[in-house]
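Below is one structure; the comments refer to it alone.
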Amino acid sequence: MNWPRPLDPLRSFKAKTGLLVVASLFLASLTFWITAQWQFRFALLAALLAALAVTQVLAHGMTSPLREMTAAARAMATGDYSRRVRSTSRDEIGQLATAFNQMAEDLEADDRYRRELIGNVSHELRTPIAALQAVLENVVDGVETPDQQTMRSALAQTERLGSLVADLLDLSRLEGGAVPLQRTTFEIEPFLDEVIRQAAGPSGPLPARVEVTPAGLRAVADTARLHQVIANLLDNAARHGSPDAPVRVRVRVDQDSGQLILDVHDDGPGIPAADRSRVFERFTRGGAPDGGTGLGLAIARWAVELHSGRIEVLDTGPGCCIRVSIPQT
């Protein structure tokens with residue numbers, strides 16, 4: 001139902017409040033004004049003027065959050081998301097001020113993320129592009145010959161560039177919620193064998209030891225997203241662990257919570273306790289010579305969170321153990 005809004009032409013909320021008070025008092029005292037004597041009429045007129053003055057004073061404080069919101073909104077239009085609205089009231093205006101502050105915080109976080117992402121992506125793209133350009137310039141200038149080693153170096157930089165772009169696209173889709181989950185029931189061990197087989201690099205197959213308890217364990221998850229998680233964890237473990245020691249993958253179902261527990265363990269230097277909460281952030285690298293793109297663990301975190309699961313670094317030592325927990329209901 002559309003209620004009438006006769007006060008919309010007025011531009012001041014204080015004027016609307018004052019008019020409302022005066023109209024209410026006038027209608028309520030109309031009969032008294034007609035029947036009362038003159039001295040009572042003057043007293044009633046004085047009461048109306050006093051009520052109007054008090055209303056204006058109170059309305060000024062009531063509407064101050066609205067004026068602050070107007071100023072903050074204009075600042076946001078220029079890119080300044082730091083301004084907040086101060087409001088101690090518990091009425092609808094106070095609730096609006098609280099919602100406005102939350103919106104401002106979200107917009108500030110999004111703007112900060114956008115700026116950081118542009119800066120990080122620009123920095124990450126510059127390195128392989130500059131290396132590839134240097135190789136090609138040397139070939140064109142005759143400094144180097146286009147032999148197998150030179151071309152392999154150019155190919156490595158091209159592959160790094162392509163991997164970075166693919167990771168960025170995956171992360172963008174995951175964060176934007178454009179990747180719907182398609183849960184299926186599947187057997188864990190052959191699934192892990194296929195992931196490990198595809199994780200083989202130019203140096204040969206990835207050394208890994210898989211332990212699934214019990215045998216024939218089945219899980220419920222999106223196989224494409226879970227493949228993405230495990231592949232990134234295996235890549236991280238292979239880069240930080242010893243090339244001679246196999247990556248250990250253990251899978252079981254927790255009897256208390258009913259969650260699927262997947263641990264990926266390497267024998268590398270491990271992650272300091274102070275850095276364990278940051279390793280799943282974008283463009284955070286470990287200490288391996290080839291730090292990767294810095295997006296693999298961020299992608300793994302987002303894919304796990306799509307399953308309403310949890311990913312964490314365990315304090316097991318020696319080495320590093322990353323645990324993934326995914327609900328099975």
Side-chain angles (χ1 to χ4, degrees), residues 110-176 178-179 194-208 224-225 227-245 247 264 266 268-269 271 275 278-303 320 322:
D110 289 342
D111 183 68
R112 182 170 57 251
Y113 164 67
R114 178 182 60 83
R115 294 177 184 273
E116 291 177 353
L117 182 62
I118 292 175
N120 288 331
V121 169
S122 300
H123 179 270
E124 296 299 326
L125 291 175
R126 185 183 300 117
T127 302
I129 290 176
L132 181 60
Q133 181 178 356
V135 172
L136 295 179
E137 285 179 350
N138 289 338
V139 171
V140 172
D141 295 339
V143 178
E144 295 183 7
T145 58
D147 54 14
Q148 185 177 8
Q149 183 178 357
T150 302
M151 291 298 98
R152 183 171 293 139
S153 175
L155 178 61
Q157 296 300 332
T158 305
E159 289 175 346
R160 174 173 168 75
L161 186 61
S163 176
L164 176 61
V165 173
D167 286 347
L168 286 171
L169 290 174
D170 287 339
L171 187 61
S172 176
R173 286 194 293 265
L174 288 170
E175 290 184 341
V179 183
E194 178 63 19
V195 176
I196 294 172
R197 185 186 66 80
Q198 294 184 16
S203 58
L206 175 69
R225 302 281 76 78
H227 184 289
Q228 204 169 21
V229 172
I230 299 173
N232 281 307
L233 294 183
L234 290 174
D235 176 69
N236 180 76
R239 284 188 289 105
H240 291 82
S242 171
D244 301 327
V247 177
V264 178
D266 64 70
I271 301 175
D275 298 333
R278 298 182 56 252
V279 295
F280 300 106
E281 296 178 2
R282 311 166 192 87
F283 299 104
T284 299
R285 289 195 176 93
D290 178 12
T293 63
L295 291 171
L297 292 183
I299 292 173
R301 175 176 65 90
W302 277 99
C320 173
I322 298 182

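None of the values given here were measured: they were computed from a predicted structure.
With rounding to the nearest 0.5 Å, the separation of CG in L132 from CD in E137 is 10.0 Å. For the atom pair CD1 (I230) and CD1 (I322), the distance works out to 12.5 Å, reported to the nearest 0.5 Å.
Between A245 and P207, the closest heavy-atom pair is O-CG, 4.4 Å. Here the shortest heavy-atom pairing between A300 and V229 reads O-CG2, 3.8 Å. Here the closest heavy-atom approach between residue A231 and residue V195 is recorded as N-CG1, 4.0 Å. Among all heavy-atom pairs drawn from I196 and A208, the shortest one is CD1-CB, 3.7 Å. Residue A237 comes nearest to V264 through the heavy atom pair CB-CG1, 4.1 Å, listed as atom of the first residue, atom of the second, then distance.
Panel note: side chain N236, backbone N232; no donor-acceptor pair is recorded below 3.5 Å.
Considering D266, L297, V247 in turn, L297 is the only one that fulfils the side-chain contact (heavy atoms from CB on, under 4.5 Å) rule with L233.
A donor and an acceptor atom, one from each side chain of Q228 and R225, are located under 3.5 Å apart.
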